[in-house]
Amino acid sequence: MHKFERSESLKRLPEQFFARLAQQVQELKSQGYDLINLGQGNPDLPTPGHIVDELKKSADNPLYHKYSPFTGYRFLKEAVAEFYKREHDVDLDPDTEVAVLFGAKTGLVEISECLLNAGDVALLPDPGYPDYMSGIALANADTALMPLLEENDFLPDYGKINAETLDRAKLLFLNYPNNPTSATASSSFFDETVDVAKKHNICVVHDFAYGAIGFDGEKPRSFLQSEGAKDVGVEMYTLSKTYNMAGWRVGFAVGNASVIESLNLIQDHLYVSLFGAIQQAAAKALTGDQSAVHDLVVTYEKRRDTFIGALNNIGWKVPSSKGTFFVWLPVPKGYTSEEFADLLLDKARVVTAPGNGFGASGEGYLRVGLLASEERLLEAVRRIDQLQLFD
Ligand code: PLP
């Protein structure tokens with residue numbers, strides 16, 4: 001077979017750090033080991049029944065067997081506007097301030113294609129969700145990393161970024177509640193972000209994938225709640241986590257109309273919008289009964305309390321999390337993230353994600369997904385306890 005050479009832009013794509021881990025997990029599973037896999041971010045619970053029923057019902061509609069409107073059905077964009085008003089008291093124009101996406105991941109990669117030229121700078125959280133980097137690499141732009149440190153509540157410190165970098169920057173990626181650190185953002189941080197973005201003419205991309213998952217009675221804040229936010233950026237939302245719909249691939253971008261127009265433009269050339277029946281079910285998810293979302297957050301909060309409580313009981317002193325379904329655990333002294341993740345995999349058959357896979361500032365941490373029952377989470381802690389690593 002002739003091997004065709006990849007384009008330069010594909011060659012620039014960063015290596016998928018977690019591919020090796022996924023392969024290791026697959027091999028151990030096929031050897032029959034009982035692994036407790038807390039290394040991924042794939043929600044374990046099903047989509048609420050009324051949403052699935054809406055899909056089944058609308059799959060019969062012959063209108064949906066045709067091409068959908070290129071930018072999505074208006075009823076879905078209206079549903080998005082209704083959702084934002086109800087949940088965050090943010091007003092959106094469905095025609096100009098909402099773009100329908102094939103999952104947030106698509107928008108997060110496309111946005112670099114939309115706004116960056118070769119040599120431009122994008123500011124990225126470190127640690128951060130790896131796909132931001134993929135879009136930047138395809139656009140042949142440069143990255144400037146913003147360390148997320150515990151002493152700063154895992155928020156970037158804009159004062160530490162030099163003025164020249166800020167002036168060159170065209171995009172700024174943020175994500176709160178945060179994957180992987182599980183931190184949340186305050187309104188004052190978002191207000192400061194608007195000021196910085198205005199001053200340096202930067203487009204803010206707030207990834208709000210975990211926008212529904214906040215604990216201890218704290219509802220996560222939308223970036224668009226900050227005064228002037230729409231002037232300087234967009235927010236990306238997904239149904240994957242809020243409604244356990246990761247396989248359905250529904251997301252949307254909201255906010256700055258010029259950016260929404262650019263996202264719609266690139267999508268005009270890449271796709272026709274989502275299957276109409278999926279759009280109808282997505283609208284039902286956003287505007288229908290929200291009790292399943294409430295129950296989901298209660299479930300994750302209980303899992304968090306059980307897991308963190310049990311770890312502290314065996315002597316692994318770890319802080320609690322504020323949002324997302326992840327916990328960010330400092331590794332014990334004497335181990336790197338990868339060494340400790342390997343130890344837990346080899347000796348306890350517990351899969352975790354080493355923090356350095358999310359960026360250099362993630363070194364010294366493990367990310368654990370609370371995506372298993374409380375019983376399995378306790379079993380994971382029991383296995384870790386048997387290693388006798390803590391006093
Ligand atoms: N952003 C963050 C921070 C995520 O963790 C994920 C999924 O894991 C996504 C975006 C992608 O979501 P979607 O399923 O909508 O592509």
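Note that ligands are numbered from 1 as they come in the structure, with each ligand's atoms numbered from 1 the same way. Heavy atoms only: backbone and side chains are in, while hydrogens, waters and symmetry mates are out.
- The nearest protein atom to atom 4 (C) of ligand 1, hydrogens excluded, is given as Y129 CE1, 3.5 Å; this is a heavy-atom distance.
- Here the shortest heavy-atom distance to atom 7 (C) of ligand 1, taken over K241, K105, M236, Q40, belongs to K241.
- Under 4.0 angstrom from ligand 1, the non-hydrogen atoms of A104 come from both its backbone and its side chain.
- Ligand 1 has R249 within reach: a non-hydrogen atom of the residue lies less than 4.0 Å from it.
- For the residue pair T71 / K77, a side-chain donor-acceptor distance below 3.5 Å is found, with atom types taken as modelled.
- Two rings, from F83 and Y237, have their centers less than 6.0 Å apart.
- Of the polar atoms of S240, at least one N or O is found under 3.5 Å from an N or O of ligand 1, judged by distance alone.
- Linking ILVMFWY side-chain heavy atoms closer than 4.5 Å, directly or via other members, places L344 and Y33 in two distinct hydrophobic clusters.
- Checked by atom type, the side-chain pair T96/E261 shows no donor-acceptor distance below 3.5 Å.
- Among D131, D207, N179, N42, the residue whose heavy atom lies nearest to atom 1 (N) of ligand 1 is D207.
- Using a 4.0 angstrom heavy-atom cutoff, Y210 counts as in contact with ligand 1.
- Aromatic pair F189/F223: ring centres not closer than 6.0 Å.
- Contacts with ligand 1 closer than 4.0 Å are made by side-chain heavy atoms of L108 only, the backbone lying farther away.
- No side-chain donor from either of S58 and N61 sits under 3.5 Å from a side-chain acceptor of the other.
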